[in-house]
Amino acid sequence: MPHSEHRRVAEARPNDLEAFWMPFTPNRAFKKAPRMIVRAKDMHYYTDDGRAVLDATAGLWCCNAGHNRASVVAAIKRQAEELDYAPAFQFAHPHAFELASRIAALAPGDLDHVFFCNSGSEAVDTALKIALAYHNVRGEGARTRLIGRERGYHGVGFGGISVGGIVNNRKFFGSLLTGVDHLPHTYNRDQQAFTKGEPEWGAHLADDLERIATLHDPSTIAAVIVEPMAGSTGVLPAPKGYLARLRAICDKYGILLIFDEVITGFGRLGFPFAAERYGVTPDIMTFAKGVTSGTVPMGGAIVRAPVYDAFMHGPEHVIELFHGYTYSAHPLACAAGLATLDLYREEKLFERARALEPKFADAAMTLRGLPGVLDIRTVGLVAGIDLASKPDGFGKRAYAAMEKAFHEHGILIRVTGDTIAVTPPLIVSEDEIGELFAKVGKVIEAVR
Ligand SMILES: Cc1ncc(COP(=O)(O)O)c(C=O)c1O
């Protein structure tokens with residue numbers, strides 16, 4: 001078919017799958033056997049052939065309040081009718097301030113100021129840029145190094161992949177940011193296998209920051225960024241005491257500590273933020289996903305008062321931070337965020353997650369002993385299940401599990417490598433937790 005004719009056909013058929021280059025997806029495999037979702041409500045997705053699919057991953061770790069909640073949908077509709085868009089540069093709308101206050105009130109300590117953006121990746125780049133600029137405005141412009149961690153995921157911006165520690169996310173994209181170093185990851189199967197909650201072993205790995213500080217000189221280091229629980233590389237909860245140790249070393253050397261709470265924020269670990277669970281307050285905290293329960297894109301960085309205050313100098317007509325996005329604090333996102341935070345509060349969903357954690361962990365551990373299960377890790381309403389890789393390809397077994405789960409077992413799971421991640425909406429019932437792990441067990445048997 002000539003190219004122009006092919007295009008016309010594609011335009012006339014919106015379900016032609018070729019035009020959409022899907023993110024983080026093997027496009028050819030998907031387009032041969034699509035997993036199409038057309039509707040959602042509460043704990044379930046519905047497919048184009050009318051099947052209900054239990055959502056075991058809260059979308060992509062984001063729909064913490066469950067799907068299509070009436071009050072959130074109504075708030076978005078109302079906002080769209082009233083004010084579709086207002087610039088956030090030099091102008092504003094009231095809901096932006098309201099939501100910032102609500103988020104700051106949820107965050108621990110003097111994490112009092114919120115910078116809005118539209119995704120976790122933007123939140124990470126925002127946090128890194130604020131950290132660099134903070135040292136600059138204080139006259140410590142030599143602090144330019146950023147320290148991430150192996151197996152860390154901080155989104156896909158150049159800042160995020162530079163401090164991130166996932167090989168495939170980095171190796172295709174050139175030289176990345178310069179002046180970046182990495183802490184070791186915190187996983188050791190021999191020491192930690194089948195741990196519920198934070199592993200006993202591994203706090204000492206934070207001390208590697210001392211080595212890095214000595215190597216580069218502390219006066220060159222701007223910030224350290226870690227996820228309190230590394231989610232995307234297979235659910236790696238922080239070892240007991242690890243985060244406090246990082247905090248202490250950062251304090252000793254004047255290094256800013258950034259927690260990337262894009263996944264752990266808004267109740268995933270049973271608290272508004274993981275920082276509270278661990279009793280460790282970072283200088284900057286990122287968030288996204290759960291802030292609107294996945295309904296409208298939104299992210300942000302929450303900043304401690306002294307960091308914000310450091311910028312509030314100089315002539316008052318001059319911009320203090322040369323950074324921002326057209327859609328920072330978008331009215332629809334703010335409306336969705338406010339309605340979502342109301343739901344979290346009214347239904348006590350963070351407390352609910354905390355109360356369910358032991359039952360969730362017990363249910364996850366029932367999969368121990370199934371064929372090919374090498375490890376299970378749990379924390380909050382999160383479980384990671386490592387499967388043995390097939391000899392003919394890393395990731396093949398878990399990919400098959402995800403496909404079978406969706407097509408044959410009515411459950412949506414997320415896989416990375418050969419790890420299955422289970423992270424349901426926080427509204428999950430005890431019965432659904434049982435159903436969910438029973439289904440995952442059947443899937444694991446099916447790909448033995
Ligand atoms: C810890 C962390 N940071 C950043 C991101 C990137 O978020 P986004 O995909 O919204 O850019 C993610 C996404 O999963 C994440 O888990």
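Model, not experiment: these values are computed from the prediction. First listed ligand is number 1; within each ligand, the first listed atom is number 1.
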Scan the side chains in residues 271-282 for donor-acceptor partners under 3.5 Å anywhere in the protein, sequence neighbours excluded, and list what turns up.
residue: Arg277; atom: NE; partner: Glu198; partner atom: OE2; Å: 2.9
residue: Arg277; atom: NH1; partner: Leu269; partner atom: O; Å: 3.0
residue: Arg277; atom: NH1; partner: Glu357; partner atom: OE1; Å: 2.8
residue: Arg277; atom: NH2; partner: Glu198; partner atom: OE2; Å: 3.1
residue: Arg277; atom: NH2; partner: Glu357; partner atom: OE2; Å: 3.0
residue: Tyr278; atom: OH; partner: Glu198; partner atom: OE2; Å: 2.6

- Message: Test of understanding: with side-chain contact (heavy atoms from CB on, under 4.5 Å), list the residues that count as partners of Val447, not counting sequence neighbours.
- Response: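 So Val447 forms a side-chain contact (heavy atoms from CB on, under 4.5 Å) with Arg397, Ala400, Ala401, Lys404.
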- Sequence neighbours excluded, every pair satisfying side-chain hydrogen bond (donor to acceptor under 3.5 Å, both in side chains) that has a member inside residues 222-234: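 Pairs touching residues 222-234 that pass the test: none.
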- Contact residues of ligand 1 with a heavy-atom cut-off of under 4.0 Å?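 For ligand 1, the contacting residues are Ser119, Gly120, Ser121, Tyr153, His154, Gly155, Glu227, Ser232, Asp260, Val262, Ile263, Lys289.
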- Query: For the side chain of Glu351 and the backbone of Ala355, is there at least one donor-acceptor N/O pair under 3.5 Å apart?
  - Reply: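 Looks like no, no N/O pair under 3.5 Å.
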- Taking the six-membered ring for Trp, are Phe116 and Tyr325 ring centroids under 6.0 Å apart?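 Centroid distance Phe116-Tyr325: not below 6.0 Å, so no.
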- Among Gln192, Arg377, Arg151, find the one that has a side-chain hydrogen bond (donor to acceptor under 3.5 Å, both in side chains) with Tyr187.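 Of Gln192, Arg377, Arg151, side-chain hydrogen bond (donor to acceptor under 3.5 Å, both in side chains) with Tyr187 is met by Arg377 alone.
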